[in-house]
Protein chains: 2
Amino acid sequence: MTATAKTAKPKPSSRKRLVDAARELFWLHGYEATAVAEILERAKVNAGSLYYYFKTKEELLLAVLENYIELLEPEVLRPAFEATADPLERIFAILLGYRVLLTMTECRQGCPIGNLALEMSEKSEPVRELIARNFENWRLAVRRCLIDAGPRLPGDVDRDKLATFILTVMEGSVMLARASRSLDAYDAAVAMLRDYIARLTERAARPIDGALRPADAQESERTNREETEP
Amino acid sequence: MTATAKTAKPKPSSRKRLVDAARELFWLHGYEATAVAEILERAKVNAGSLYYYFKTKEELLLAVLENYIELLEPEVLRPAFEATADPLERIFAILLGYRVLLTMTECRQGCPIGNLALEMSEKSEPVRELIARNFENWRLAVRRCLIDAGPRLPGDVDRDKLATFILTVMEGSVMLARASRSLDAYDAAVAMLRDYIARLTERAARPIDGALRPADAQESERTNREETEP
DNA sequence: GTCTATAAGACGATAGAC
DNA sequence: GTCTATCGTCTTATAGAC
């Protein structure tokens, strides 16, 4: 059993420790507010090693953003997809993951990509592009769920745009939850989103029979409450 | 005609110049990335004067956030409300204002409160509270429009939560537009929001007659296109 | 690849004259 | 209220030994 064996868990390489430490600190305090010295301290690495692997602090950020792309599947999608096999419910399981994150941090920490998007999009074009790729990654996963829902959604609903809308609601509601230190805005937004999607699927199921609409609406609202106030 | 006459437009006071310069630079580059020296240069004020009015850089940020509360009515709401008297259309006129902002800056600049919310919410409690008050101000204006729409919205639609949802969509879509340097995400989100509100008003207008639904849906989609791709 | 020491400058904030 | 000069501190990044 050598130090490089996959089953053994020795100290990760300096490079990996740097990316992990930087990822966490950029998430906690932002890019500008994180000093290189803090990253070195947390990673237990010396300055010389950091600048051996990365030419600048910004290059380290690029490595962090690449890392987030790799982490989407195992850290966000897989846990959510294991919760349910229903494609539409999988979307809400992803959203629930961010709710758990907000709960665990008392609404202090949200989506790390959203933070960096607003702070860094104007400062570096390579950074902006990687952020856009992160969003696109997330959006395509949601779009996959919408496509898998098949005829439950009316054929004239644009899966691509609906996926964008869902990402929009997620990022916006996490922002408001952090600013207000409350889950209210998050829950209100997800409940509305659920109601909207319920109305869309409802229309696909009964395109000409609308006599039962008021009852349907009440049911969809009850469903929201179950989701957002567990 | 003295220098203090309201009709005259002499150089604004140093304090006002500082708040104006800081507001613009915090919006362009964020709080941490803006040096006090830059603010002084833009405001044509010396360091001594800044620290005569404000104890710290953070206190200047608080003044900027107070200023944004004052600017909501004349800079955001009034122009949008002059465009139309229809309460629901007024909401989309507000959203159009942010679209104009994105267009003018090639998707480089968005909502200044959203930027500061993600950057500063964890760093200073007074700052976070003022950011939350800014969002609440905006949200109450939208809620007012929803209430003014009266019976066009079904009685069981929670105006409060719908207003939160609209703010959520606005902030999220501006974030994605900036990250992707494209209005596509913004337009997709606003189109979906318009479709959702159209479905809600439709239900209020004809609570039991649903035979015309497919035609209604087509019409609401055409309306979206007019709004989001002018 | 890793270490220590330090360069070179930007940073927020202050002192004290006017 | 405004001015200039400057204080410590913190910053990113580098040099050069091991």
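Residue numbers begin at 1 in each chain, while the letters A, B, ... track the order of the sequences.
B:L61 has its side chain within reach of B:L116: a pair of non-hydrogen atoms, C-beta onward, lies under 4.5 Å apart.
No donor-acceptor distance shorter than 3.5 angstrom exists from the side chain of B:R178 to the backbone of B:C107, with no hydrogens or angles considered. Under a 3.5 Å cut-off, the side chain of B:K11 and the backbone N or O of B:R17 do not form any donor-acceptor pair.
B:F165 and A:F165 have perpendicular rings, their planes meeting at more than 60° on a 0 to 90° scale where under 30° would count as parallel.
When the local axes at the two ends of the helix from C:dG1-D:dC18 to C:dC18-D:dG1 are compared, using 5 base pairs at each end, they differ in direction by 0° after rounding to 10°.
With respect to the salt-bridge test (charged N to carboxylate O, under 4.0 angstrom), the residues A:R128 and A:E125 qualify. Between B:E89 and B:R194, at least one side-chain N (NZ, or NE/NH1/NH2) sits under 4.0 Å from a carboxylate O, which counts as a salt bridge.
Counted by atom type alone, A:N137 and A:Y68 present zero donor-acceptor pairs between their side chains at under 3.5 Å.
Shown here for B:R139 and B:A163, the closest heavy-atom pair between the two residues is O-CB, 3.7 Å.
Sorted by residue number, the members of residues 30-59 of chain B with any non-hydrogen atom under 4.0 Å from DNA chain D read B:N46, B:G48, B:S49, B:Y52, B:Y53.
The separation between A:L60 atom CG and D:dT11 atom P is 16 Å, rounded to whole Å.
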